[in-house]
Amino acid sequence: MLLRHTTADVMERSALTINPAKTCQPIGAMYAALGVHNCLPHSHGSQGCCSYHRSTLTRHYKEPVMAGTSSFTEGTSVFGGQANLLQAITNMFALYNPDVIAIHTTCLSETIGDDIVQIIAKAREEGKVPAGKHVIHANTPSYVGSHVTGFSNMVKGLVKYFSEATGRKRNQVNIIPGWVEPSDMRELRRISRAMGISPNIFPDTSDVLDAPQTGRHEFYPRGGATVEEIRHSGDSRSTLALGPTASEAAALALEEKCQVRSEVLELPIGLLATDRFINALRHRAGVRVPGLITDERGRLVDMVADMHQYFYRKRVALFGDPDQLVSLAEFLVTLDMRPVYIVTGTPGKRFETRIREVIGDSVPEVQIRQGAQADMFLLHQMIKKEGVDLLIGNTYGKYIARDEDIPFVRFGFPIIDRVGHSYFPSVGYLGAMRLAEKILSVFMDRQDRNAPEESFELTM
Ligand code: SF4
């Protein structure tokens with residue numbers, strides 16, 4: 001009972017967060033930068049920040065995550081980090097030869113007020129940026145936002161630094177995938193190609209954070225969107241931005257900079273959100289949906305129909321990132337489940353409205369909480385007050401699941417005590433089948449565990 005002091009009485013809080021349902025902005029900026037080919041992320045702050053960001057990504061992806069740091073000391077904290085950053089740029093190009101250095105700021109450098117645009121300009125003037133190489137940046141103070149807004153800021157930075165309109169349109173569609181796993185980015189590419197679309201996906205962490213074992217250490221794995229590909233996003237026919245919190249800002253920046261028309265969709269997680277994604281691709285390609293995709297949908301519907309009795313009216317608590325939660329809540333309602341508590345620490349507009357749009361009036365008792373005080377402590381209190389049949393969220397949910405003896409499905413970021421999330425997609429119809437299978441498995445394991453011997457069934 002690690003959380004035994006949690007009470008069921010919810011007290012309104014305004015200045016205290018207990019076990020936040022989010023993490024730090026620079027982690028998202030670092031993850032987005034890893035989706036660029038030959039890119040070295042750089043943390044402009046103290047070594048401790050960088051170690052935390054790298055280790056969180058390494059633990060989630062089970063891959064070594066490389067990044068530089070400006071290694072702030074007491075002196076830097078007083079006089080600013082310009083000298084350290086200029087030295088770091090020189091060292092990183094000399095030692096690690098990246099195509100791109102993607103700088104993100106931290107709480108400390110933002111509080112000091114370091115002007116990264118000016119420092120990058122100075123580095124260029126002083127010849128510290130070799131020809132054909134790039135230094136870009138995003139501002140990611142972690143006392144605002146979350147890892148998702150950090151991701152969004154860096155993706156917007158990619159557009160601001162690289163996207164160009166030459167006037168010669170390319171027969172391709174930009175897909176800004178949102179914060180999803182490398183496996184999801186690969187799946188989005190597969191689905192798009194199956195639909196006859198040439199996708200320009202950025203960032204793209206597939207083959208970076210799920211690169212195959214070859215026996216050789218590759219400092220820069222083969223994956224990632226190249227600078228050229230991101231540059232060409234300005235000549236694409238249109239953009240599909242998946243997940244408003246993570247992707248809308250970049251899509252709007254691209255629209256403004258290069259007049260590439262964009263459409264913002266919810267992440268294609270679950271049956272209906274995937275239907276909308278496929279429909280959007282179909283309109284862009286002007287094609288009929290191929291049999292391959294229709295069959296995948298049919299298998300998902302068949303699985304749901306076969307197993308419906310296990311899903312029916314189950315009460316679920318969810319926590320995590322807004323874009324995932326909206327699509328997940330919709331999918332649960334599709335399965336006839338009842339998402340009753342939905343909690344995110346990530347701030348942002350329209351979260352509650354989006355949830356209510358997708359679940360309609362099917363779960364009138366739903367409680368939706370967002371922001372600094374929407375934390376794991378509050379979620380635990382809600383569950384203590386009135387229990388649920390299932391908890392879905394990242395690894396940190398395991399403490400609540402254990403204390404309250406609730407079946408638990410790991411989903412979201414970070415997952416640091418299991419594998420699979422980076423290899424098997426959650427998007428598309430196949431991803432929805434995997435999610436449904438995970439939910440079913442925990443329900444059936446629970447049924448087996450609780451069944452008295454006379455009703456311990458071989459067949460479900
Ligand atoms: S919250 Fe701020 S100080 Fe803490 S690790 Fe993140 S950037 Fe660094």
Side-chain angles (χ1 to χ4, degrees), residues 13 15-34 39-61 64-82 84-85 88-89 92 101-117 119-120 135-157 179 245-246 249 319-322 343-348 370-377 394-396 412-416:
R13 289 176 273 136
L16 176 68
T17 302
I18 308 169
N19 296 334
K22 64 166 190 169
T23 185
C24 169
Q25 273 221 72
I27 292 178
M30 200 178 267
Y31 181 54
L34 290 166
C39 177
L40 190 57
H42 180 84
S43 170
H44 188 53
S46 68
Q47 289 181 32
C49 295
C50 188
S51 300
Y52 167 55
H53 307 149
R54 287 180 60 203
S55 70
T56 303
L57 290 167
T58 297
R59 286 171 175 177
H60 179 88
Y61 292 107
V65 167
M66 305 298 176
T69 167
S70 296
S71 293
F72 278 28
T73 57
E74 292 84 344
T76 332
S77 307
V78 176
F79 298 111
Q82 174 170 291
N84 287 33
L85 184 51
I89 290 171
M92 284 190 285
I101 294 174
I103 301 165
H104 56 261
T105 56
T106 57
C107 298
L108 182 52
S109 54
E110 288 286 345
T111 305
I112 297 167
D114 277 349
D115 182 347
I116 306 298
V117 174
I119 298 174
I120 293 174
V135 181
I136 67 172
H137 91 287
N139 291 94
T140 52
S142 209
Y143 36 77
V144 292
S146 77
H147 57 295
V148 187
T149 54
F151 180 92
S152 167
N153 289 339
M154 183 55 83
V155 181
K156 185 177 171 187
W179 186 313
T245 319
F319 67 96
D321 303 338
V343 168
T344 183
T346 294
Q370 178 181 27
Q373 277 72 51
D375 51 25
M376 303 294 290
F377 183 77
N394 65 38
T395 289
Y396 290 99
F413 180 89
I415 296 173
I416 54 183

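Every number for a ligand or one of its atoms is a count from 1 in the order of the listing. What you see is a predicted model, and the numbers here were worked out from it, not measured in a lab.
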J.: Which of the numbered atoms in ligand 1 are under 4.0 angstrom from any heavy atom belonging to Cys24?
T.: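 Listed by number with element, the hits are 1 (S), 5 (S), 6 (Fe), 7 (S).
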J.: Show the atoms of ligand 1 that are less than 4.0 angstrom away from any heavy atom in Tyr52.
T.: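 Checking each atom against Tyr52, I get 5 (S).
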J.: Would His53 count as a contact of ligand 1 if the rule is a heavy atom under 4.0 Å away?
T.: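 Within the 4.0 Å threshold, so yes.
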J.: Nearest protein heavy-atom contact for atom 1 (S) of ligand 1: which residue, which atom, what distance?
T.: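 Among all protein heavy atoms, the one nearest atom 1 (S) of ligand 1 is Ser142 CB, 3.5 Å.
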J.: Examine distances only and state if a side-chain atom of Arg54 and a backbone atom of Val65 form a donor-acceptor pair shorter than 3.5 Å.
T.: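 A pair under 3.5 Å: yes.
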J.: Is any heavy atom of the protein nearer than 4.0 Å to atom 4 (Fe) of ligand 1?
T.: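 Looking at atom 4 (Fe) of ligand 1, one finds that no protein heavy atom lies closer than 4.0 Å.
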J.: Looking just at side-chain N and O atoms, do Ser70 and His42 make a donor-acceptor pair shorter than 3.5 Å?
T.: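 Present: a donor and an acceptor within the cut-off.
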J.: Do the charged groups of Arg13 and Asp375 touch, with an N to O distance under 4.0 Å?
T.: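 Answer for the salt bridge query: yes.
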J.: Could you go step by step and tell me if Tyr61 and Tyr31 meet the ring pair (Phe, Tyr, Trp, His ring centres under 6.0 Å) rule?
T.: CA-CA 11 Å; Tyr61 292 107; Tyr31 181 54; 5.2 Å; yes
J.: Which protein non-hydrogen atom lies closest to atom 2 (Fe) of ligand 1, naming both residue and atom, and how far is it?
T.: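 For this ligand atom, the closest protein heavy atom is Cys107 SG, 2.3 Å.
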J.: Looking only at side-chain N and O atoms, does Asn153 offer a donor or acceptor that is under 3.5 Å from a partner on Gln25?
T.: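 There is such a pair (donor and acceptor under 3.5 Å, judged by atom type) between the side chains of Gln25 and Asn153.
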J.: Just to confirm my output: which protein heavy-atom neighbour is closest to atom 8 (Fe) of ligand 1, and how far is it?
T.: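 The answer is Cys49 SG, 2.3 Å.
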J.: Are the side chain of Asn394 and the backbone N or O of Ile415 linked by a donor-acceptor pair below 3.5 Å?
T.: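 It does not hold such a pair.
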